[in-house]
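Letters A, B, ... mirror the listed sequences (proteins, then strands); counts begin at 1. As a basis for the values below, the full set of heavy atoms in this structure was taken, side chains included, without hydrogen atoms, waters or symmetry mates.
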Protein chains: 2
Amino acid sequence: MSRTVADRAAAIAAVAEVFREHGFEGASLSAITARTGLGKGSLYYFFPGGKEEMAEAVLAEIDGWFTRAIFSPLRDDADPEAAIRRMLRETDSYFRSGRRVCLIGAFALGDTRDRFAARIAAYFAAWRAALAEALMRANRPEASERAEHAVLAIQGALVLARALGDQAVFVRALERLERELLAE
Amino acid sequence: MSRTVADRAAAIAAVAEVFREHGFEGASLSAITARTGLGKGSLYYFFPGGKEEMAEAVLAEIDGWFTRAIFSPLRDDADPEAAIRRMLRETDSYFRSGRRVCLIGAFALGDTRDRFAARIAAYFAAWRAALAEALMRANRPEASERAEHAVLAIQGALVLARALGDQAVFVRALERLERELLAE
DNA sequence: TGATCTCTGTACCGATCGGTACAGAGTCGG
DNA sequence: CCGACTCTGTACCGATCGGTACAGAGATCA
């Protein structure tokens with residue numbers, strides 16, 4: 001891995017946190033330079049398209065991570081129930097038990113949605129479809145309905161946990177999901 | 001009702017829509033003047049505290065509406081099951097079947113949360129508590145758990161419906177909630 | 001009519017916004 | 001040692017940000 005790629009990857013991770021905290025509009029270049037440790041010169045060297053390109057890179061990175069860690073196992077793992085449990089475990093860990101916000105969910109609520117509508121929709125549609133596939137393979141009835149409800153409950157749990165400042169809300173929601181998803 | 005109050009009330013409603021679409025940081029004074037039809041002079045006459053005071057007024061207005069239309073009936077209506085059905089009906093109507101976003105939920109996700117943390121937490125806590133109260137009065141088991149899950153599912157449904165650009169997701173979620181909440 | 005109060009438009013403030021231009025530091029193969 | 005290429009800091013751009021100051025329009029009442 002060249003030094004360039006490593007730096008760019010590190011920058012993407014840092015930029016993601018800034019977007020997560022401030023949203024797309026609210027993520028000022030000065031906040032991004034502070035967090036990444038990169039000056040404007042470097043930033044526009046890595047992302048000539050400016051904030052828009054940074055956001056694209058961040059969304060692609062997140063999408064890639066979820067595909068690798070969660071969606072693919074749900075679709076392909078020989079043991080679909082294990083894949084579902086893994087999804088819940090990885091989700092808890094990724095969102096830091098509710099302390100971390102879903103960037104894509106946050107983007108979906110604001111007017112940022114229009115700009116990245118395709119990517120945002122694709123992310124949630126992929127999650128819903130992969131989970132439905134796993135439920136089908138596990139012979140659970142109403143797979144589509146359960147899958148949609150689970151994806152939606154995770155997003156809602158993130159909102160509510162953050163609103164109440166109580167991560168236990170998120171943990172409880174995931175426990176409930178495990179029961180509901182795997183019930184016959 | 002004096003003209004002043006009417007104008008201020010109308011302004012609050014218009015400002016609420018701007019916050020809803022752009023978030024707190026993203027709601028520029030120029031967007032607010034455009035939407036309200038009021039110049040800066042009038043705006044700062046009605047809200048001397050600027051954007052912060054506008055947001056406070058908007059949050060108070062929303063909280064008042066929900067208390068009147070939903071929370072109070074859940075707590076006090078002689079028929080708690082009817083109050084729950086009313087909650088679902090009013091929720092569907094308020095959020096335009098998923099086309100409209102929850103301003104308070106959106107605020108909760110961004111860094112705006114810290115500024116209005118108390119109000120945001122109070123709103124969701126009141127909803128959860130009022131619904132739990134109604135479920136208790138209706139002799140449903142696990143009232144607290146069901147209530148928390150319902151509040152969370154509504155927020156999640158708003159996120160997912162908007163992310164996918166498909167309001168049917170929201171409608172389905174409400175139908176599911178009616179079944180779950182009123183089940184023995 | 002004249003005094004008063006409510007409301008509004010406009011000019012203006014310093015700060016910050018996202019973005020550009022560009023010189024040059026640092027590193028590398030030849 | 002010499003270009004060539006990668007990366008970075010800085011100066012600068014016009015636009016817009018939230019907020020202030022204030023004169024005065026318009027209605028109201030004595």
Exercise. Under a 4.0 Å N-O cut-off, is there an ion pair linking Arg35(B) with Glu21(B)?
Worked result: yes

Seminar exercise, completed: Rounded to whole Å, CG of Leu38(A) lies from P of dT8(D) at a distance of 6 Å

Exercise. Taking all atoms of both residues into account, what is the closest heavy-atom pair of Val58(B) and Ala16(B), and its distance?
Worked result: CG1-CB, 3.7 Å

Exercise. Does Arg172(A) pair with Glu145(B) as a salt bridge, N-O distance under 4.0 Å?
Worked result: no

Problem set entry | Ion pair check, Arg128(A) and Glu133(A), cut-off under 4.0 Å | no

Exercise. So, Glu180(B) and Arg176(B), do they make that salt bridge, N to O below 4.0 Å?
Worked result: yes

Exercise. Is the shortest side-chain N to carboxylate O distance from Arg100(A) to Glu17(A) below 4.0 Å?
Worked result: yes

Exercise. So, Arg85(B) and Glu81(B), do they make that salt bridge, N to O below 4.0 Å?
Worked result: yes

For this session: Using a cut-off of strictly less than 4.0 Å between a heavy atom of the residue and any atom of DNA chain C, enumerate the qualifying residues of residues 109-118 of chain B by number.
Result: none

Exercise. Any idea how Phe170(B) and Phe95(B) line up, ring-wise: parallel (<30°), tilted (30 to 60°), or perpendicular (>60°)?
Worked result: perpendicular

Problem set entry | Spacing of Asp7(B) atom CG relative to dT6(C) atom P, expressed in whole Å | 14 Å

For this session: Summarise protein proximity over nucleotides 13-29 of chain C in one line of letters, 5' to 3': B for base, S for sugar-phosphate only, - for none, counting protein heavy atoms closer than 4.0 Å.
Result: ----SBBB---------

